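The figures that follow rest on heavy atoms only: side chains count, while hydrogens, waters and symmetry mates do not. This is a predicted model, so every value here is computed, not measured.
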Amino acid sequence: MNRTIVWFRRDLRIADHAPIYRAALRGAVIPVFVFDRALLHHPETAPARVEFLLQSLAGLDQDLRDRGGRLILRFGDPVQVLPDLIRETAADGIYAHIDFERIYGRVRDAQLNRALADQGLKIRWFEPPGTTADLIPYPAYRDLWYDQMAAELYPTPTRIDVPAAIASDPIPTLTDLGHQPDGKPIPPATTQAARQLLQEFLDEKSDRYYWQLSYPSAEATTGLSPHIKFGVISIRECYQTAKAIEPIADWRVQRSQKQLISRMRWGSGFAQRFRYLPQLEVRSLYSVFDEDGWDFDEELYQSWQDGYTGFPIVDAAARCLKATGGWKELNFRSRALYSSFLSNLLGMDWRYGALHFMRHLIDGDCPIDHYQWAMQAGVTHCVDKTWTRIYNPEQTAVDRCDPDGLFIKRWVPELAHLPPQYLGSPPPVKGYPNPILKYKAARQKRVKQLEQQRQKFLHQDHVVPYLSRLPQDLTPFGSDRHASEVSWAAPTDLELFPAAIDLDALEPEQAKAIRTWFVAHVEIIPRKPKQRRQRPPQATPDGQLSLL
């Protein structure tokens with residue numbers, strides 16, 4: 001009887017899962033997850049995210065058991081564990097989805113390909129939905145994404161036969177993996193829970209989602225981001241569920257549906273950029289920004305991390321992140337305000353901000369979070385625009401995002417006695433710090449700096465010479481600040497799978513294609529300041545900028 005190993009990574013489900021479906025058709029299946037120290041102890045690993053992973057594995061195991069199977073767990077380096085497992089189980093080979101979230105994963109998979117080839121063993125890689133191996137212009141990718149999302153879902157196998165004699169380690173605890181719980185509430189991590197969250201969103205929030213995304217206290221988000229990060233539910237299933245809403249006359253629901261789908265597409269697009277240019281994990285897109293250097297002040301960085309900047313809405317976001325992992329209440333606008341403050345007003349390297357986020361986010365996804373950090377710092381989509389959104393963290397932000405002060409008063413209780421109109425620039429309050437910077441002066445400094453740096457490539461048709469290259473040293477950012485497993489980065493002949501784009505070998509048409517990924521495809525006009533509103537605006541069309 002045929003036997004196929006299915007290696008689960010960021011796709012912890014059996015629904016709309018090509019490898020498990022194909023493997024079940026051909027015979028016995030050996031579903032395996034390998035606990036890999038390089039990922040478990042990456043400098044950007046968050047204990048709460050590992051806890052969500054463990055619960056996701058338990059849910060996957062139960063789904064397999066409901067169909068006659070079970071999940072096989074192993075510990076160690078997949079480059080050694082998987083060839084050994086093929087021989088131990090007499091399997092024909094491995095099925096797995098391609099994964100390009102992190103540089104380490106691509107080094108690991110390239111080494112696995114080589115090890116399997118050297119031993120005469122086989123692996124078949126499957127493209128995840130919403131990705132392509134080809135270098136294509138962004139508008140073409142957008143069409144491809146919609147086509148792939150509309151494609152038929154892979155059926156869920158009704159029977160998954162796993163050989164009984166294959167040994168498995170038990171699901172470990174967080175402490176078994178060398179992490180300590182940090183008190184963050186962990187959402188239910190099963191496919192069924194993800195489906196329920198999506199349905200509750202469609203039933204209860206689809207008439208207000210678009211207009212309340214800027215208001216963290218409204219909790220208008222789906223709450224699905226951790227499930228999508230770990231593939232507990234496929235984005236294609238989410239897309240088709242949202243599209244299946246009965247057409248109704250309520251244009252608010254239609255607008256919210258469109259916005260939700262756009263955000264899923266943006267997330268896939270960020271991942272595709274990382275597939276082309278994995279250096280985006282550790283470098284700014286344009287080399288000038290890192291070559292010129294960034295400011296850094298450890299004391300100010302600590303104030304920003306802990307929520308003691310003297311700007312209440314920034315501090316509320318900081319404390320919410322550390323307490324909750326951000327998966328539900330810390331919405332895109334709150335994250336944007338918080339991140340813009342570090343890079344644009346304190347002038348610090350966006351990578352320090354991304355490092356802090358990823359060490360706390362339950363939904364932390366490297367391409368999405370790193371790319372948006374760079375976007376908020378003004379170092380990505382700027383080849384064809386001259387302005388950067390730098391958020392005013394004073395009363396303007398309170399009026400726009402927290403007009404009743406509910407979010408601030410929850411997370412900064414020192415200020416709970418103040419009316420909303422004083423939460424932008426509060427009077428002296430015992431136990432709460434004075435502002436650590438002057439907004440207008442910091443903003444002017446950053447705008448001037450960006451204008452000077454962008455002159456090197458602004459409006460250039462051929463941007464490839466200005467793009468950062470993949471560094472020779474692939475050690476993850478932050479490993480000097482946090483204990484990490486980075487021995488894999490020591491060799492000097494590291495290859496990647498899938499391979500990165502060789503920028504120096506691009507043909508002219510390919511160079512044009514890569515440029516389309518880093519320009520604005522719609523004209524976004526800088527927002528003018530508005531009069532203060534006591535309550536959220538009524539349901540009228542309003543633009544959104546980014547996934548944050």
Visitor: Could Asp118 and Arg114 be called an ion pair, given the rule that one side-chain N must be under 4.0 Å from one carboxylate O?
Guide: no
Visitor: Answer yes or no: is there a donor N or O on one side and an acceptor on the other, between the side chain of Arg359 and the main chain of His482, under 3.5 Å?
Guide: no
Visitor: Under 3.5 Å, is there a donor-acceptor pair linking the side chains of Gln259 and Arg263?
Guide: yes
Visitor: Kindly assign one of parallel, tilted or perpendicular to the pair Tyr371 and Phe274, based on the angle between their ring planes and the thresholds 30° and 60°.
Guide: perpendicular
Visitor: Can you spot which of Thr380, Asp292, Asp290 makes a side chain to side chain donor-acceptor pair (under 3.5 Å) with Ser284?
Guide: Asp290
Visitor: Under 3.5 Å, sequence neighbours excluded: what are the donor-acceptor pairs made by side chains of residues 184-192?
Guide:
unit_1: Lys184; atom_1: NZ; unit_2: Asp182; atom_2: OD2; d: 2.7
unit_1: Lys184; atom_1: NZ; unit_2: Lys322; atom_2: O; d: 3.1
unit_1: Lys184; atom_1: NZ; unit_2: His360; atom_2: ND1; d: 3.0
unit_1: Thr190; atom_1: OG1; unit_2: Ala193; atom_2: N; d: 3.0
unit_1: Thr191; atom_1: OG1; unit_2: Val232; atom_2: O; d: 2.7

Visitor: Can you list the residues that meet the ring pair (Phe, Tyr, Trp, His ring centres under 6.0 Å) rule with His42, with sequence neighbours excluded?
Guide: none
Visitor: Answer yes or no: are there more than 12 heavy-atom neighbours, outside Glu152 itself, under 6.0 Å from its atom CD?
Guide: no
Visitor: Measure from the side-chain N and O atoms of Ser484 to the backbone N and O of Val486, and report whether any donor-acceptor pair falls under 3.5 Å.
Guide: no
Visitor: For Gln376, is there any backbone N or O sitting under 3.5 Å from a side-chain donor or acceptor partner on Asn344?
Guide: yes
Visitor: Which residues satisfy the ring pair (Phe, Tyr, Trp, His ring centres under 6.0 Å) test with Phe518, sequence neighbours excluded?
Guide: none
Visitor: I'd like to know if the side chain of Ser339 and the backbone of Arg335 have a donor-acceptor N/O pair within less than 3.5 Å.
Guide: yes
Visitor: Are the side chain of Asp92 and the backbone N or O of Arg3 linked by a donor-acceptor pair below 3.5 Å?
Guide: yes
Visitor: Ring centroids only, cut at 6.0 angstrom: are Tyr141 and Trp517 within range, meaning strictly under it?
Guide: yes
Visitor: With the threshold set at 4.0 Å, does a side-chain nitrogen-carboxylate oxygen contact exist between Lys229 and Glu101?
Guide: yes
Visitor: Quick one: pull up CG in Asp369 and CG in Asp363 and give me the separation to the nearest 0.5 Å.
Guide: 6.5 Å
Visitor: What I'd like to find out is whether the side chain of Arg283 reaches to under 4.5 Å of the side chain of Phe477, using heavy atoms alone.
Guide: no
Visitor: So, Tyr466 versus Tyr286, ring centres under 6.0 angstrom or not?
Guide: no
Visitor: Please determine if Arg275 and Glu127 form a salt bridge, counting it only when a charged side-chain N lies under 4.0 Å from a carboxylate O.
Guide: yes
Visitor: Is the terminal nitrogen or CZ of Arg22 (NZ for Lys, CZ for Arg) located under 6.0 angstrom from the six-membered ring centre of Tyr95 and within 45° of that ring's axis?
Guide: no
Visitor: Looking at Thr4, is its backbone amide N or carbonyl O close enough to the side chain of Asn2 to form a donor-acceptor pair, meaning the two atoms are under 3.5 Å apart?
Guide: no
Visitor: Of the options Arg351, His370, Arg102, which is the one that meets Glu281 in a side chain to side chain donor-acceptor pair (under 3.5 Å)?
Guide: Arg102
Visitor: Return the orientation label for the Tyr21 and Tyr154 ring planes: parallel under 30°, perpendicular over 60°, tilted otherwise.
Guide: tilted
Visitor: Can you check side chain to side chain contact (heavy atoms under 4.5 Å, CB included) on Tyr138 and Arg273, steps first, answer last?
Guide: CA-CA 10 Å; Tyr138 181 76; Arg273 289 176 177 87; 4.0 Å; yes
Visitor: Between Asp99 and Arg108 (salt bridge meaning N to carboxylate O under 4.0 Å), is one present in this structure?
Guide: yes
Visitor: Strictly under 6.0 Å, is that where the ring centroids of Phe126 and His17 end up?
Guide: no
Visitor: Just by distance, do the side chain of Arg26 and the backbone of Ala24 share a donor-acceptor pair under 3.5 Å?
Guide: no
Visitor: Checking Arg481 against Glu298 for the salt bridge (charged side-chain N to carboxylate O under 4.0 Å, His left out) test, could you report, in this order, the C-alpha distance in whole Å, the side-chain angles of both residues, the deciding distance, and whether it holds?
Guide: CA-CA 12 Å; Arg481 301 179 66 89; Glu298 188 69 52; 2.8 Å; yes
Visitor: Would you check if the side chain of Arg106 reaches a backbone N or O of Pro498 as a donor-acceptor pair within less than 3.5 Å?
Guide: yes
Visitor: Rounded to the nearest 0.5 Å, how far does CD1 of Ile362 lie from OG1 of Thr324?
Guide: 7.0 Å
Visitor: Verify whether one side chain among Arg265 and Tyr239 offers a donor that lies under 3.5 Å from an acceptor in the other.
Guide: no
Visitor: How are the rings of Trp125 and Trp7 set to each other: parallel, tilted or perpendicular (split at 30° and 60°)?
Guide: tilted
Visitor: Quick check: does any side chain N or O of Tyr338 sit under 3.5 Å from a backbone N or O of Trp304, one acting as donor and the other as acceptor?
Guide: yes
Visitor: Supply the atom-to-atom distance Arg65 CZ to Leu71 CG, rounded to the nearest 0.5 angstrom.
Guide: 8.5 Å
Visitor: Has Arg13 got a side-chain atom pairing as donor or acceptor with Ala15's backbone, closer than 3.5 angstrom?
Guide: yes
